[in-house]
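Each ligand, and each atom within it, is numbered from 1 in the order the structure gives. Bear in mind the structure is a predicted one, so any value in this text is a computation, not a measurement.
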Amino acid sequence: MADVRVFANAAELNLRAAEAVAAIISSAVRARGRCSLALSGGETPRALYDVLATTFREQIPWPQVHVFWGDERVVPVGSALRNDQMAREMLLSKVACPEAHIHPMATGPVSADEAARDYEETMRQYFSDNRPRFDLVLLGLGAEGHTASLFPNSPALDEQVRWVRAVEVPADPPSRLTLTLPVLSQAANAYFLVAGAGKARALRAALNETTDPKTCPAAAIRLADGALTWWVDTTAANTHRDQDKSKGATEGADQKPVPQDPIGANVDDSEVSRSGETGKTSDAPRDEERPLHK
Ligand code: 6PG
């Protein structure tokens, strides 16, 4: 069962997630003298990066952290559209992570495919044992189920050899680099950060084992030898209640089947249970009907 931690507000979510990120980094540095961290982009992680750069700034051994990215937009360095630009503004410009340990994607005047090959080479220099196993990968979730820059029905979803692929995506800007599923799925730890009602359907689909990963790439992130944790807020964890119930329909009475989710999975509420005070979910088995909110 997925480890899903639901928080009532973004402040609590980011504080607890940052606390866990700091613990993973410190543990990796204690064990191996360094930590490999792959950052995600988009808007959701901004607040987390701010908490890492402030509240946890002194608790993280930044000089031993190596920063990579899970994906990047292929636009000129310094563009506000770049994920590394946001991370530099919110985090890396405020902590003592050496520039030599910051490994951005797609920084040169080369084609996207060449940039992907260059990044794989950068990764191979770090993962000298030929096993790209990040200590921690941070991931976001798109409303239609993408993660990193792996979008539904992308040919890159079938990539089993290359560590990094250039992709064209149905989002702006379209040209991206993304780590591939074999890399993302062999991380020691992977954290999804998901907030907002707009992500509720994608979240349910991603947590449902019947989901076709082609239609919801986030569902393909299953760590063979690692810990996957979902950090979500209550609005993302919410589900769309059947409108009839608001007209007095009895809860539980021969409810209509859960509508086929546009992402391609039959989902129900039991995938995401309401967290307790600590943000931990109940350990109820997946098939137990558990209302999200009383
Ligand atoms: C990117 C991200 C992408 C992001 C999701 C969610 O390059 O945009 O890596 O995978 O995590 O699109 O984005 P938001 O956090 O902005 O909703």
Review point. Would a line drawn from the ring center of Trp231 to the ring center of Tyr191 be shorter than 6.0 Å?
Key: yes

Study note, to complete from the structure: For Ala187 and Arg133 the tightest heavy-atom approach is O-NH1, 3.7 Å

Point to revise | Members besides Val110 in its Ile/Leu/Val/Met/Phe/Trp/Tyr cluster (side-chain heavy atoms under 4.5 Å) | key: none

Exercise for review: Tell me, please, whether Trp163 has Arg124 positioned over its six-membered ring: NZ or CZ under 6.0 Å from the ring centre and within 45 degrees of its axis?
Suggested key: yes

Exercise for review: Output the rest of the hydrophobic cluster of Val77: all Ile, Leu, Val, Met, Phe, Trp and Tyr residues reachable through side-chain heavy-atom contacts under 4.5 Å, sorted by chain and number.
Suggested key: none

Practice item. Report the residues that fulfil salt bridge (charged side-chain N to carboxylate O under 4.0 Å, His left out) with Asp71, sequence neighbours left out, ordered by chain and then residue number. Key: none

Practice item. Show the protein residues that qualify under the rule heavy atom under 4.0 Å from an atom of ligand 1, listing them in chain and number order. Key: Gly41, Gly42, Glu43, Thr44, Asp71, Arg73, Asn83, Gly140, Leu141, His146, Ala148, Arg176, Lys199

